[in-house]
2 protein chains.
Amino acid sequence: MSEDDLPPVPPPRRRDAAATRASILRAARDAFTRLGYDGAGVREIARAADVDTRLISRYFGSKEGLFAEVVDLAYEKSLMMTPELNADAAHALLIETDQGAVDGLLLTLRSASNARAAAIMRDSIERNYQTRLAEALPGTDTMARSALLVALCSGVLLTRTLLGSTALNDAQVERMVPYLRAALDAVAVAPAEDGDD
Amino acid sequence: MSEDDLPPVPPPRRRDAAATRASILRAARDAFTRLGYDGAGVREIARAADVDTRLISRYFGSKEGLFAEVVDLAYEKSLMMTPELNADAAHALLIETDQGAVDGLLLTLRSASNARAAAIMRDSIERNYQTRLAEALPGTDTMARSALLVALCSGVLLTRTLLGSTALNDAQVERMVPYLRAALDAVAVAPAEDGDD
DNA sequence: ATGCTATGTCCACACTGGTGGACATGTAAA
DNA sequence: TTTACATGTCCACCAGTGTGGACATAGCAT
């Protein structure tokens, strides 16, 4: 979940600004996803990236600047919830949490309590993700419906992962997949139709 | 939203432990709901309660102890999502956010990023709320389905309030009420039936 | 090889957080 | 009235945070 989009830390420790930036970005993504915006500190990120703390301010201006870049990257490829993919989405959200596809949502949830971080994420979501999803939806009100889909999925992940709900974490959670899929379909399919493919 | 369950600040007695406790509790509930567990500071709460900071540690042991009591109170009366009430719930979540019924959820969302706060809330939700909701649901898997309902509603509120989603905040959001209600019904009604009262 | 600039490093500042000790004072019991 | 405890108050501590200044060094152009 970390080696595919960002180059791994290079063993030859010369002076390479691009590699340093990438290393910071990777460590920041992991830290923000795991601890949230407030929970992750720049010192910790720098240590994980094996980089001096000062370089974060230097390369990204501030913690907020770093966060903004991380968020943009996280939402470039993220779980899609189209009518055809709702079954997959429901499964991914309920069963295989913490897999790459839902990391973007996880990042959002863990940082949503910070107002400034929330504004950064809202921008990125609407710009990078929601528009893409809206184009894949049939019917009208696609923008609002895509937002509603993101909202529903966020809630599931929130309850499962952050809150650690026992009912949504035991073995029987598999039986919830059809329910969740039906709920998502209720929003994703066109209003008049009763799609049940 | 504040004067109904907690006694207002008392005029007469100058030293009244019960009144002080209640005042702290009220200020803490407002602060935690507005700013989240991490965002709200004990000094701020004490100032809002017109009380010395030290009394918080004295009466509630710690910030966590205070939070636990606030959470318990918040979930005693909260929005219910039964099949009959899903229309109301959908309306409340999408239109009249920040009303009393959803404050419990709001408190949860704003504090969920803190792991210790999340554990406190999970306990309270499962103990005070989820069980109650499960009893009102028809069919099987009522506990897991009630958890799923809470999850879906949390997501809507999260996206609307914390993230400030524009698509879920403009005038056209009314058109989303039937969608959300259908999604909730997909979980709240019994599996085989197709209840659409 | 030498100088310049980019790159990396160390230290410290100002600030805020939660918590606790020691003290003052009101309130009720003896 | 006097004593004792509950109640309220002030101050300080320590561990965090993000940010910036001043300095060392590597890598490249000349």
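For the numbers below, each heavy atom of this structure counts, side chains included, while hydrogens, waters and symmetry mates do not. Note that the coordinates shown come from a computational prediction; the quantities given were computed from them, not determined experimentally. Per chain, numbering begins at 1; letters A, B, ... match sequence-line order.
Nearest-nucleotide positions on DNA chain D place B:Asp50 closer to the 5' end than the other of A:Glu44 and B:Asp50. In this structure, A:Arg43 and A:Tyr59 both approach DNA chain C, and ranking their closest nucleotides by distance from the 5' end singles out A:Tyr59.
For A:Arg58, the listed nucleotide lying nearest its side chain is C:dT9; candidates were D:dG18, D:dT7, C:dT9. Taking every side-chain heavy atom of B:Asp52 into account, D:dC10 is the closest of D:dC10, C:dG18, D:dT19.
Going from atom CG of B:Asn114 over to atom P of C:dG17 covers 15 Å, rounded to whole Å. Summarising the geometry, the separation between OH on B:Tyr37 and P on C:dG17 is reported as 13 Å, rounded to the nearest angstrom. In this structure, CD1 of B:Ile45 is placed 11 Å from P of C:dT19, rounded to the nearest angstrom. Straight-line distance from the CG atom of A:Asp16 to the C1' atom of C:dT5: 16 Å, rounded to whole Å. Here the C1' atom of nucleotide C:dT7 and the CD1 atom of A:Ile56 are 15 Å apart, to the nearest Å. Taking atom CZ of residue A:Arg47 and atom P of nucleotide D:dG18, one finds them 12 Å apart after rounding to whole Å. Between the C1' atom of D:dA26 and the CZ atom of A:Arg15 lies a distance of 4 Å, rounded to the nearest Å. Rounded to an integer number of Å, the gap from CG of A:Leu55 to P of C:dT9 is 6 Å.
A salt bridge links B:Arg21 with B:Glu69: at least one charged nitrogen is closer than 4.0 Å to a carboxylate oxygen. For the pair A:Arg34 and A:Asp30, the salt-bridge criterion is not met [side-chain N within less than 4.0 Å of a carboxylate O].
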* Asked: Given B:Asp38 and B:Arg110, is the salt bridge (charged side-chain N to carboxylate O under 4.0 Å, His left out) satisfied, shown in steps?
  -> CA-CA 9 Å; B:Asp38 289 326; B:Arg110 289 222 159 88; over 6 Å; no
* side-chain contact (heavy atoms from CB on, under 4.5 Å) between A:Leu152 and B:Leu180: does it pass, once the steps are laid out? -> CA-CA 9 Å; A:Leu152 296 178; B:Leu180 177 54; 4.0 Å; yes
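Side-chain polar atoms of A:Thr131 and A:Glu126 form no donor-acceptor pair below 3.5 angstrom.
Judged by atom type and distance alone, A:Arg54 does not reach the base of C:dG8 through any side-chain donor-acceptor pair under 3.5 Å.
If you check every strand for non-hydrogen atoms under 4.0 Å, A:Ala40 touches sugar and phosphate atoms only.
Contact annotation: B:Thr20 side-chain N/O to D:dG8 OP1/OP2 distance is under 4.0 Å.
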